Amino acid sequence: MIYHLFEYLTRQGIALPFSRLFTYVSFRVGLALIVALLISTIWGSKVIDFLRRKQIGELVRDLGLEGEQTKKGTPTMGGVIIIMAILVPTLLFARLDNIYVILMIVTTLLMGLLGFVDDYIKVFKKDKNGLKEHYKIIGQVFLGLIVGVTLYLSPSVVIKRNSEIVREGGVREIRFETTDTKSLETSIPFLKANNLDYSEILPISDPGVKKIVGVTIFIMMTVVVVMLLSNGVNLTDGVDGLASGSSAIVGVVLGVFAYVSSHHDMAGYLNTMFIPGAEELVIFAATLVGATAGFLWYNSYPAQVFMGDTGSLALGGIIGVFAILIRKELLLPILCGIFIAEFTSSFIQRFYFKYTRMRTGKGVRVFKMAPLHHHFQLPGGAATESLLKRPIAKIPEAKLTMRFWLIGILLAVVTIVTLKIR
């Protein structure tokens, strides 16, 4: 908004001091980060006080975890803090005519609204199950379709393919196509010939059919990524500070990727495709980092507020869609290893329990409790018999969060290093 204001004034011949600074992405990134951090910390305390006054507290299930009842009544729906801290600086400092920014704003609003409805049912309707699962899935699929179809149809979504040429003497040179290409290719980690065209996955000779198949696979991939990440972050939000802290780490890496992909020379040096217009996504990544880092001030152990599904579904959708936009969705198993491990543990637990109950009449657990972090929190006993057992004592919540963060940082470093490896 401010960018467009200064642009309009410049066209009218009105030159204001420092107006040229807003033409630099790096300056707007810094401002977005600071504003997001200030909103989530300063405005966050006011929101928490409001939630306390309205008695919008967490409904705690009896899972047998030590100290879980102390969380009862802790303000929830704190995800509105994160959403506001993301949207306000984005609207102020990003270019609102950029298709990538528009998609990220739509993602934040849609997934935030879906999570808000879920939290509303839990808190005000006193229904611990919240919004029915199939409604959540419909919302996630709908968002995936919006993003996938928009990326396919929008003329603004283009790339410049990268290719490696070895000259005489073994000199390595990266070249980009001279013209922008309308393509739905993505990047493959660890490989030098690292562009994957979804239309080339199946051996089809007919160009028309090949294009239809490629678009279909791409849209399906978009839907799967949105569903996986939004549910993964939602399941991770069970330990104080775990989802918010992990999302901040992921946000930093996504910002790095967006900057590299939008910088012609860096993209060439690191042999990754050049995506015109992706520089505006660095601003959005900065707001994500500032919002989650500021929220962590209140959400770290012992938590003064929980983000609820309002925040967790929004964060998962943001991360998934962001990765799709910068063509790095195949790196998510590494970058978002924590979120995927949490989702996978819950899926395995439910599937195996139902399968064994159907076969033997008695369900058998794989983990003591799912998602995965509860397995490390729950003490042993007859009520928690499972295939996987830990002979050591359970891990306190604060230490468990730190261990997961260390794993997240390691995965983030590995993800960034893959750029240089190839």
Side-chain angles (χ1 to χ4, degrees), residues 99-100 103-104 144 147-148 150-152 154 156-165 172-202 210-211 213-226 228-229 249-282 284-285 318-337 339-340 411-422:
I99 185 62
Y100 300 122
L103 285 175
M104 292 310 305
V147 174
T150 301
L151 291 178
Y152 170 64
S154 175
S156 302
V157 180
V158 294
I159 65 169
K160 287 187 176 180
R161 292 191 184 96
N162 53 300
S163 58
E164 184 179 50
I165 299 175
R172 170 177 166 270
E173 181 181 343
I174 304 298
R175 283 189 177 181
F176 290 102
E177 294 178 337
T178 55
T179 58
D180 295 337
T181 303
K182 183 66 181 176
S183 174
L184 298 179
E185 292 182 6
T186 189
S187 298
I188 307 176
F190 301 111
L191 297 180
K192 289 187 177 181
N194 49 40
N195 291 345
L196 171 66
D197 191 335
Y198 286 110
S199 63
E200 300 292 339
I201 293 179
L202 299 178
K210 179 183 291 187
K211 183 177 182 180
V213 170
V215 172
T216 303
I217 294 176
F218 171 77
I219 294 176
M220 289 175 59
M221 173 65 77
T222 304
V223 171
V224 169
V225 168
V226 170
L228 178 62
L229 266 298
I249 296 170
V250 172
V252 172
V253 180
L254 291 176
V256 171
F257 279 131
Y259 182 74
V260 169
S261 299
S262 65
H263 195 286
H264 191 277
D265 293 337
M266 285 191 178
Y269 177 71
L270 295 170
N271 191 16
T272 188
M273 68 177 68
F274 173 62
I275 307 176
E279 65 275 1
E280 295 299 316
L281 286 174
V282 186
F284 193 91
I318 287 170
I319 292 170
V321 172
F322 199 113
I324 290 286
L325 297 186
I326 59 175
R327 317 298 175 96
K328 298 295 185 292
E329 63 268 23
L330 297 184
L331 273 172
L332 288 177
I334 304 174
L335 176 59
C336 300
F339 302 142
I340 293 175
L411 293 175
V413 171
V414 170
T415 306
I416 293 178
V417 168
T418 58
L419 276 175
K420 183 60 178 175
I421 288 177
R422 64 190 188 196

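Bear in mind that the values here come from a model prediction, so they are computed numbers and not experimental data.
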task = Check the pair D197, K210 against side chain to side chain contact (heavy atoms under 4.5 Å, CB included), reporting the backbone distance first and the verdict last.
result = CA-CA 10 Å; D197 191 335; K210 179 183 291 187; over 6 Å; no

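- Of the inter-residue distances, the one linking I217 atom CD1 with I201 atom CD1 reads 4.5 Å to the nearest 0.5 angstrom.
- When each of V250, V253, V225 is paired with I319, the side chain to side chain contact (heavy atoms under 4.5 Å, CB included) condition holds for V250 and for no other.
- Remark: side-chain polar atoms of T181 are not paired, donor with acceptor, to backbone N or O of S183 under 3.5 angstrom.
- The backbone N or O of Y259 sits less than 3.5 Å from a side-chain atom of S262, completing a donor-acceptor pair.
- Contact between I275 and V158 at its shortest, heavy atoms only, is CG2-O, 4.0 Å.
- Between the side chain of K182 and the backbone N or O of V157 there is at least one donor-acceptor pair closer than 3.5 Å.
- Expressed to the nearest 0.5 Å, how far CD1 of I416 lies from CD1 of I334 amounts to 12.0 Å.
- Between Y198 and G214, the closest heavy-atom pair is CB-O, 3.6 Å.
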inquiry  = side chain to side chain contact (heavy atoms under 4.5 Å, CB included) for F339 and L228? Distances and angles first, verdict last.
reply    = CA-CA 9 Å; F339 302 142; L228 178 62; over 6 Å; no

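- Of all heavy-atom pairs spanning P276 and I159, the tightest one is CD-CA, 4.2 Å.
- Smallest separation of non-hydrogen atoms from L151 and L184: O-CD2, 4.0 Å.
- Put simply, the side chain of E280 never gets that close to the backbone of A278: no donor and acceptor are under 3.5 Å apart.
- Looking at T186, its side chain does come within 3.5 Å of a backbone N or O of R327 through a donor-acceptor pair.
- With contacts defined as side-chain heavy-atom distances shorter than 4.5 Å, the pair L229/E329 does not qualify.
- Considering only heavy atoms from C-beta on, T272 comes within 4.5 Å of V260 through its side chain.
- Taken to the nearest 0.5 Å, the OH atom of Y152 stands 13.5 Å off from the OG1 atom of T222.
- Between S187 and M273, the closest heavy-atom pair is OG-CE, 3.8 Å.
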request  = Please step through side chain to side chain contact (heavy atoms under 4.5 Å, CB included) for the pair L330 and L196, ending with a clear verdict.
outcome  = CA-CA 10 Å; L330 297 184; L196 171 66; 4.0 Å; yes

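- The CZ atom of F274 lies 9.5 Å from the CG atom of D265; values are rounded to the nearest 0.5 Å.
- In terms of heavy-atom proximity, I249 sits nearest to A412 at CG2-CB, 3.6 Å.
- Within the 4.5 Å cutoff, the side chain of H263 has no heavy atoms near those of the E279 side chain.
- The distance from the OG1 atom of T150 to the CD1 atom of I219 is 9.5 Å, given to the nearest 0.5 Å.
- Under a 3.5 Å cut-off, the side chain of T418 and the backbone N or O of T415 do form a donor-acceptor pair.
- We find the CD1-CG distance between I318 and L254 to be 10.5 Å, quoted to the nearest 0.5 Å.
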